Each structure stands twice: as C-alpha cells, then as structure tokens.
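Notes to accompany the following structure.
All figures in this text were calculated on a predicted structure; none of them were measured in a lab. The sequence lines fix the lettering, A, B, ..., with proteins before strands; numbering per chain opens at 1.
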2 protein chains.
Amino acid sequence: MPKPKKPYHHGDLKNALIQAAIEILASEGAGGLSLRKAARRAGVSHAAPYAHFADKQALIAAVSTEGYRRLHARILAANARYPGDPLRRLIEGAWAYAAFALEDPDHFRVTLSGVVAREQDYPELTQATAASFGLVVQIVAECQAAGLLRAAPPDLMTVSIWSAVHGLVSLALEGQLSHIILERYTLRRLLIQTLGEFIQCEIPRRLYATPRG
Amino acid sequence: MPKPKKPYHHGDLKNALIQAAIEILASEGAGGLSLRKAARRAGVSHAAPYAHFADKQALIAAVSTEGYRRLHARILAANARYPGDPLRRLIEGAWAYAAFALEDPDHFRVTLSGVVAREQDYPELTQATAASFGLVVQIVAECQAAGLLRAAPPDLMTVSIWSAVHGLVSLALEGQLSHIILERYTLRRLLIQTLGEFIQCEIPRRLYATPRG
DNA sequence: ACCTGAACACCGTTCAAGT
DNA sequence: ACCTGAACACCGTTCAAGT
C-alpha cells in the first residue's frame with residue numbers, strides 16, 4: 001500500500017469514474033458517454049468529477065490510457081504463449097490488437113482516436129503509448145533477426161506494420177470494408193494476408209483459423 | 001438542369017447545410033459541429049434542417065459522402081497526372097489520400113470514421129465508397145500487371161494497401177506516432193517506406209520529396 | 001412543401017457553499 | 001480535500017402552427 005488514502009466518503013472516485021466511463025462505452029457506445037452519466041453511475045453529483053478531472057477530455061485521456069494498458073497486456077500475453085516463435089508472436093500480437101477492437105469497439109475507438117492535445121497534458125497516456133510501441137518494436141526486431149522481416153530500422157518497420165494492422169482493424173470496425181469482401185473473408189484472414197506482404201516466408205495455412213471465439 | 005426546383009425562400013437549404021457543416025469542421029473541428037450551428041450559418045431556424053435530414057447522423061452521412069467524393073476526385077487527378085506510370089499512380093494516389101487528411105483533418109475524420117449504421121440507410125454514401133474502392137482496385141491491378149505488386153486477388157491486395165495507407169495517415173493525424181519518429185521522417189517518407197514493403201522494386205529516391213506544399 | 005417558435009430533456013462547466 | 005446544488009449557455013429532437 002503506497003498511500004493509505006481514504007477520502008471523504010467515496011473510496012476512490014477517480015478510478016470509479018474511469019471504470020464507469022468504460023462501462024458506459026460498452027453498453028451505450030461512444031455517443032452515450034457523458035461526465036454527468038459517469039458521475040451518476042459512480043453515485044456522486046454531476047459536479048464531483050471536476051475534483052478529479054479538469055474536464056471531459058481529461059476523463060477521456062484516462063480512459064484512453066487504460067485502453068493502451070489493456071492492449072499492452074493482451075499483446076504481452078500473446079507473446080508469452082509463443083516463446084521462441086517470432087512469426088507466431090507477430091501474428092498473434094496483431095490478432096490481440098484486433099480482438100480488443102472486436103470485443104470492446106468503443107473503448108478501442110476512444111483509445112486510438114487521439115485526444116488531440118495529448119502529449120503535453122497527459123504524461124501517463126504518453127507513457128502507455130510509448131510502452132506499447134516499444135513492445136511491438138521488440139517483436140519486430142526479433143522477426144528481423146530471424147529473417148522474417150526485411151532489414152530496416154526497427155522503429156520504421158514497426159510504424160509500417162502497426163499502420164497496416166491499425167488501418168485494417170479501423171476500416172473493418174467503421175464498416176468501411178465492403179460487405180462483399182467481409183462476406184468472403186474473415187478479419188483474421190485479411191489480417192494474415194496483409195501481414196503476409198511484409199513477411200518474407202510462407203505462412204502456414206493452419207494459422208488462418210480464428211482462435212477460441 | 002435536371003430539376004428546376006426553386007423552393008420556399010432558400011435556394012437549396014440541403015446543400016447549404018452540408019457546406020455549412022464542412023466549413024464548421026474546418027474552422028472549429030469535429031467537436032464544434034452541431035445541427036443548430038449549421039442552421040444558423042445557413043440563416044434558418046434551428047428546426048429547419050429537419051425538413052431535409054432525419055437527424056444529425058443523416059447530415060453527417062451527407063458530409064461523409066461529400067468527403068468520399070473529394071477523395072475520389074483527388075486520386076483521379078493524381079492518376080491523370082501520370083499516364084502509363086502505375087508506380088507513380090500508386091504513390092501519388094496514396095499521397096492524395098494523405099493530403100486530404102492533412103488539409104482538412106476534421107472532414108477526413110468524419111468521412112472515414114464510419115456513420116455506423118451506414119450501408120442500409122445512406123445509399124449515396126455506399127455508392128461513393130464503392131466508387132473510390134473501385135478506383136484503387138484499378139490502380140492496384142495495373143501495378144500487378146506491371147509486376148510491381150505480387151499476384152493476388154486485386155480486391156484483397158487493395159484492402160491490404162488501403163489499410164496500410166489509412167492506418168498510417170490516421171495514426172499520424174491522431175498524434176499516435178511518437179514525436180521522435182515524426183521529427184526524423186516526413187509523413188511522405190513514412191508513406192513511401194510503407195508502400196515499399198508492398199512494391200517489388202526499388203523506389204527512386206527523388207519521390208521522397210514532398211510535392212508543392 | 002418548407003419553415004418558425006416554444007418546449008423538453010439532456011449536456012459541459014462554473015461557483016458559492018457546505019463538511 | 002472533497003463534494004453538493006443552483007445556475008448558465010449550449011445541445012438534439014418534437015410538435016403545433018404558420019405561409
């Protein structure tokens with residue numbers, strides 16, 4: 001216990017509000033998220049959040065930070081499942097990204113749809129994004145060492161691959177991929193097909209199957 | 001003149017509202033867009049838009065449709081500039097996409113950030129997206145014929161390349177690309193680097209320079 | 001057909017005031 | 001330090017009424 005803080009009459013309103021916001025995103029979508037509703041769900045008055053967040057943007061930044069941490073945890077878990085198998089780590093890491101988007105679309109949207117003034121004002125968010133990026137750079141570097149990805153500055157290669165994965169997931173999520181295509185191919189199939197353009201070897205067909213779920 | 005319609009006392013309120021919305025996006029950003037403000041700018045009462053749009057979503061769908069048309073026009077123009085040069089057409093088409101995002105970030109955001117229930121309710125939007133997608137498929141197919149892209153179903157290859165371009169542009173726009181990277185490389189450089197992973201030949205260095213602007 | 005004005009339920013944000 | 005209640009200026013949407 002780093003700080004034995006037991007404030008007024010709500011255990012930890014700040015985190016309660018973040019959790020409430022994430023729940024609202026899951027149940028009502030991004031359009032239904034309001035400071036007042038989060039306050040109501042946490043059982044406090046509509047002005048109480050202002051004791052912990054400068055404005056709505058600040059709450060959203062906190063929700064975004066938590067989103068990045070969940071993404072990080074998912075990719076890390078996928079990584080742990082395939083020690084010494086860089087190809088599998090790359091593919092399942094990307095799939096973990098997609099799975100988060102599919103399971104919690106509005107939290108994903110808020111997390112990745114920039115809080116605009118970000119960097120300056122929300123150091124925790126900056127740190128969370130840097131940590132995730134760093135993790136992907138590691139995976140990419142492993143793949144390069146194994147000759148699975150072309151030699152290039154790992155951060156540049158990471159930008160390219162992250163872009164491709166993020167773009168595919170976003171377009172699918174926003175319904176911008178034509179029905180014709182989504183009826184013929186699963187998202188996982190499209191993901192592997194796209195990663196296949198980067199990867200310098202054949203990808204085993206058995207990886208096409210969407211895992212558990 | 002397909003329809004000599006001269007309604008009540010406003011020439012064409014519907015289009016006036018769409019233009020007003022696009023102007024608001026440019027001057028105040030996506031957060032500042034409201035039906036009431038668009039109505040005010042068009043010089044009508046706040047309830048007047050409901051004669052032409054079912055709700056705010058419907059206006060946004062119209063703005064999105066217009067965004068897709070501008071994107072289409074830009075890519076078409078880039079195409080016309082490089083007849084018989086598929087590589088250049090691909091690169092400058094992608095750059096046209098990025099240029100739209102850079103010049104009118106909030107219109108780009110609204111255009112690509114799905115209206116969710118899209119397909120069913122807004123046939124004009126569906127048509128506009130299909131047209132753009134078709135144009136890119138053409139360019140991709142040309143590149144494949146020239147051996148610049150790997151042989152694969154052109155629509156699948158288009159999904160992969162569009163994803164990469166869209167992802168890169170989106171991440172850059174939302175400030176999700178680390179400062180360190182954006183300070184060292186221009187967006188155009190990152191775009192070409194990314195396309196380079198798909199293209200089966202060397203890309204002339206002189207294309208790295210960002211054109212007019 | 002096209003538009004207005006009043007009305008309703010909701011926001012984000014501020015601020016004096018209470019414990 | 002943490003929270004409340006009233007207040008203000010904004011929304012989206014509806015609806016009776018006017019031309």
Residue pair A:Q127 / A:Y68, side-chain donor-acceptor N/O under 3.5 Å: no
By nearest atom, which of the nucleotides D:dC11, D:dG5, C:dC11 is closest to the B:K37 side chain? D:dC11
Whole-Å gap separating C1' (C:dC11) and CZ (A:R41): 17 Å
Report the distance from atom CZ of B:R36 to atom P of C:dC11, rounded to the nearest whole Å. 16 Å
Counting side-chain heavy atoms from C-beta on, which of D:dG12, C:dA6, C:dT13 comes nearest to B:L35? D:dG12
Pairwise side-chain contact, A:E197 with B:R150, heavy-atom cut-off 4.5 Å (strictly under): yes
Expressed in angstrom and rounded to an integer, what is the separation of B:D12 atom CG from C:dA1 atom P? 17 Å
Give the rounded distance in Å between these two atoms: NZ of A:K56 and P of C:dT13. 8 Å
Using whole Å, what does the distance between atom C1' of nucleotide C:dG5 and atom OH of B:Y50 come to? 15 Å
From the list C:dG12, D:dC3, D:dT13, which nucleotide is the closest neighbour of the side chain of A:L13? D:dC3
Does A:H52 make a side-chain donor-acceptor contact with the base of D:dA1, cut-off 3.5 Å? no
Where the side chain of B:D55 is concerned, which of D:dT13, D:dT4, C:dC2 is the nearest nucleotide? D:dT13
For B:E103, is there an ion pair with B:R74 - N to carboxylate O distance below 4.0 angstrom? yes
Per nearest nucleotide of DNA chain D, the residue lying toward the 5' end, B:R40 or A:A47, is A:A47
For B:R41, is there an ion pair with B:E23 - N to carboxylate O distance below 4.0 angstrom? yes
Distance in angstrom units between A:H46 NE2 and D:dA7 P, rounded: 11 Å
Of the nucleotides C:dT4, D:dT13, C:dC11, which has the atom closest to the B:S45 side chain? C:dT4
Looking at D:dG5, which nucleotide sits across from it as a Watson-Crick or G-U wobble partner, both distances under 3.5 angstrom, or is there none? C:dC15
Measure up the B:H166 and B:F108 rings against each other and bin them: parallel (under 30°), tilted (30 to 60°), perpendicular (over 60°). tilted
Separation of C:dA1 P from B:F53 CZ (nearest whole Å): 18 Å
Nearest-Å distance for atom pair CG/C1', residues A:L59 and C:dT13: 14 Å
